[in-house]
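The sequence lines fix the lettering, A, B, ..., with proteins before strands; numbering per chain opens at 1.
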2 protein chains.
Amino acid sequence: MSDTDILLRRIKERKGGSMKSTIHDVAKAAGVSMKTVSRVLNHEPNVADKTRETVLAAAAELRYSPSLAARSLASSKSYLIALLYDNPSPNYIANIQKGATQACRERGYHLVAEPLEIAGPLGAIEGDLSIDVERALERLPVDGAILTPPLCDNGSVIHALQRLKIPYVPVAPSASHGRVAIVQMDDVKASKEMVQYLISLGHKKIAFIKGDPHHSATPRRFEGFREAMRKAELEIRPDYVQSGDYHFRSGIAAAEALLQLADPPTAIFASNDDMAAGVISVANRLGVSVPDSLSVGGFDDTPLARILWPQLTTVRQPIEGLGFEAAKILITKDSQDETVRTLEHDLIVRGSTGPCLA
Amino acid sequence: MSDTDILLRRIKERKGGSMKSTIHDVAKAAGVSMKTVSRVLNHEPNVADKTRETVLAAAAELRYSPSLAARSLASSKSYLIALLYDNPSPNYIANIQKGATQACRERGYHLVAEPLEIAGPLGAIEGDLSIDVERALERLPVDGAILTPPLCDNGSVIHALQRLKIPYVPVAPSASHGRVAIVQMDDVKASKEMVQYLISLGHKKIAFIKGDPHHSATPRRFEGFREAMRKAELEIRPDYVQSGDYHFRSGIAAAEALLQLADPPTAIFASNDDMAAGVISVANRLGVSVPDSLSVGGFDDTPLARILWPQLTTVRQPIEGLGFEAAKILITKDSQDETVRTLEHDLIVRGSTGPCLA
DNA sequence: AACCTTTATGACAGCGCTGTCAAACTTTAT
DNA sequence: ATAAAGTTTGACAGCGCTGTCATAAAGGTT
């Protein structure tokens with residue numbers, strides 16, 4: 001048997017160059033059992049320092065790297081994290097993904113992307129979604145799933161995940177998820193800071209453009225606006241609060257309404273960048289100078305914010321960080337229960353805001 | 001043994017509800033051997049129709065779904081495709097990813113995302129990259145990798161992939177890749193069509209803004225411009241050809257130069273949307289009406305194209321299709337060699353182009 | 001010194017599947 | 001009718017790793 005073994009190995013080496021080595025090879029090289037090698041590689045306790053070093057040296061020597069498949073078959077862990085997403089913004093997803101892969105890479109995990117088709121142009125097609133999730137994940141026993149908005153608030157997805165017993169971390173969900181860890185940012189605080197910054201520039205007539213009411217962040221961003229105004233004892237005029245849907249066009253409409261008011265605001269805080277772009281575009285068209293006659297604030301710091309002229313003062317969400325933390329929580333299961341990780345945002349001041357000259 | 005087995009199963013059923021079933025269960029239920037079940041599930045030939053039906057029915061009954069880990073351990077296939085990318089545009093990646101996951105899903109594969117850090121703000125850090133690839137993929141024996149630009153032209157990445165013997169499909173690479181299948185679009189033709197469209201509107205004084213010279217598409221898009229101009233026997237004035245780098249700012253700079261010429265062009269074809277946005281922004285600022293006094297064409301059909309005012313006439317790349325085809329080629333290895341799949345683009349006519357009124 | 005506890009290591013089975021090979025059965029050719 | 005060829009099926013080993021349990025070595029306590 002052993003002879004055959006050696007022979008086979010010889011043949012492999014001859015034709016393939018450096019073949020991948022197994023735990024068995026490392027064990028032989030280090031003069032220990034396979035199990036001990038396994039222990040070292042998995043950072044299990046109760047290994048003598050000297051043994052550990054020997055094993056590590058042998059592993060490095062042989063350029064050993066464990067087979068994920070064998071590992072997961074034997075341990076029923078997959079070393080895989082799924083990123084479940086619908087398609088709100090490519091930018092958002094790309095950043096979540098970047099952060100998540102980074103966390104994965106640090107611990108030998110990998111990220112599998114699972115785009116779900118939740119909504120056509122006409123709205124949600126709730127029914128199929130849990131089936132989608134199941135079909136995607138029942139073959140692939142991932143160790144956890146990251147849920148991005150708006151999926152994190154989708155009942156059927158959550159349900160499917162629970163049925164499959166896959167741990168999940170919702171990113172910026174609208175409601176608390178019972179005893180599940182979540183990662184989020186503080187939209188209320190961020191929005192409040194923006195408004196306070198506007199106030200600090202001397203603005204008193206500040207308008208707000210709301211986003212899509214189905215989005216969980218919408219009421220929060222509005223709440224931040226209200227808190228800041230209340231705290232500064234400024235009036236919130238009903239005609240200064242416009243409804244939008246986070247799309248460019250709705251920013252246009254809102255800005256047109258706002259700027260044609262008899263007593264127009266001196267600052268407009270649009271609750272995302274696309275709508276803020278609409279505002280700036282309308283202002284330019286109407287000959288309203290930004291920021292001299294009108295300050296404009298946005299939210300998200302999308303690439304668009306730097307393309308606008310003037311460049312947009314906005315809030316940068318810690319998107320990458322959210323992805324990183326979500327993956328990390330899933331991988332190191334310790335802090336699983338009820339943890340709420342709230343990451344810091346940044347107020348990015350650019351050219352679209354300036355002192356109130358009115 | 002068998003008794004213990006049954007006992008264990010009972011226990012599992014009792015506490016877990018519906019446990020996942022194995023091939024063994026299906027085999028017993030269908031009254032055949034495990035191997036036969038395996039054959040049916042893998043669409044292997046030489047299975048009697050009746051047997052196949054029985055097995056399929058049993059599998060459906062038990063809601064059986066195979067374990068990827070066991071499968072890949074036994075067959076040394078992973079049912080995983082890697083998407084390797086740097087970070088040119090989130091939009092591009094998101095679309096490639098969408099197409100690729102779709103192809104994967106159709107055949108029970110999964111897509112793992114592997115963002116690579118090729119370039120900091122200062123440029124490429126070539127050295128580490130192959131190490132990055134190896135670290136990411138040597139543990140995860142993916143069955144293939146999709147390479148997006150600019151990675152598909154990166155020597156060290158290609159080399160790493162070859163060393164690991166992982167088949168790959170470059171998406172829109174600059175050069176032919178020897179005997180490797182590639183997927184691409186026809187930039188020359190698309191660019192030519194745009195220019196021909198401009199010419200059909202009566203324009204004769206057409207300017208072109210080039211992109212980043214390191215990008216493989218850059219010379220191709222310029223070539224399309226040249227071909228169309230030559231074919232229409234129009235002169236290509238050197239001062240009508242500006243250099244850019246695909247970024248908004250370079251579009252601004254180019255447009256300023258172009259529009260302040262003594263004899264300015266009546267149409268500007270910027271070789272991507274960001275630069276076209278720069279052109280439109282400058283035109284608006286200088287009071288040059290688009291499209292009445294100036295037609296503007298872009299390339300890529302990014303979300304930005306619809307946000308601009310007027311909306312941008314541009315070329316839609318078949319990005320999702322490229323992702324789909326790349327994954328498909330990797331999964332069905334038949335057409336592996338030297339295949340070149342060229343997908344169709346679309347000329348999207350919107351408001352930024354109009355008849356030449358000069 | 002005899003006992004117990006803790007720490008370090010290894011033997012072994014088996015995770016769920018597929019590749020190999022051989023056996024049984026069916027068809028076709030002679 | 002009989003050999004040759006094809007078709008359909010199953011037994012079995014083993015992919016590379018980890019969990020379980022047993023054993024061996026070391027340290028602590030009376």
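Distance, B:Arg52 CZ to D:dT9 C1': 13 Å, rounded to whole Å. At whole-Å resolution of the value, NZ in A:Lys50 and P in C:dT9 are 10 Å apart.
Contacts of A:Glu134 classified as side chain to side chain donor-acceptor pair (under 3.5 Å), with partners at least two apart in sequence or in another chain: A:Arg163. With sequence neighbours left out, the side chain to side chain donor-acceptor pair (under 3.5 Å) criterion links A:Asp143 to A:Ser78. Shown here are the ring pair (Phe, Tyr, Trp, His ring centres under 6.0 Å) partners of B:Tyr109, two or more places apart in sequence or in another chain: B:Tyr79. Considering only residues two or more places apart in sequence or on other chains, B:Glu114 meets the side chain to side chain donor-acceptor pair (under 3.5 Å) condition with A:Arg105, A:His110. By the side-chain contact (heavy atoms from CB on, under 4.5 Å) test, A:Ser76 pairs with no residue at all, sequence neighbours left out. Under the side chain to side chain donor-acceptor pair (under 3.5 Å) criterion, B:Tyr85 pairs with A:Gln97, not counting sequence neighbours.
OP1 and OP2 of C:dT9 both lie 4.0 Å or more from every side-chain N or O belonging to A:Thr36.
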Which pairs would a plain distance check flag for residues 38-45 of chain B, meaning a side-chain donor or acceptor within less than 3.5 Å of a matching protein atom at least two apart in sequence or in another chain?
residue, atom, partner, partner atom, Å
B:Ser38, OG, B:Asn42, ND2, 3.4
B:Asn42, ND2, B:Ser38, O, 2.8

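Rounded to 10°, the helix from C:dA1-D:dT30 to C:dT30-D:dA1 has 30° between the axis fitted to its first five pairs and the one fitted to its last five.
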For nucleotides 18-24 of chain C, read 5' to 3', which letter fits each nucleotide if B means a protein heavy atom sits under 4.0 Å from the base, S means only the sugar-phosphate is that close, and - means neither?
SBB----
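Out of C:dG10, D:dA11, D:dC17, the shortest distance to the side chain of A:Ser67 is found at D:dC17.
Pairs of residues two or more places apart, or lying in two chains, never qualify as ring-ring contact (aromatic ring centres under 6.0 Å, His included) while including a residue from residues 135-155 of chain A. Listed by first and then second residue, the salt bridge (charged side-chain N to carboxylate O under 4.0 Å, His left out) pairs that reach into residues 320-331 of chain B are B:Lys98-B:Glu320, B:Glu325-B:Arg341, sequence neighbours excluded.
Here the shortest heavy-atom pairing between A:Asp86 and A:Thr148 reads N-OG1, 4.4 Å.
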Pairs under 3.5 angstrom, nitrogen or oxygen only, protein versus nucleotides 6-8 of chain D, please.
residue, atom, partner, partner atom, Å
D:dT8, OP2, B:Asn46, OD1, 3.4

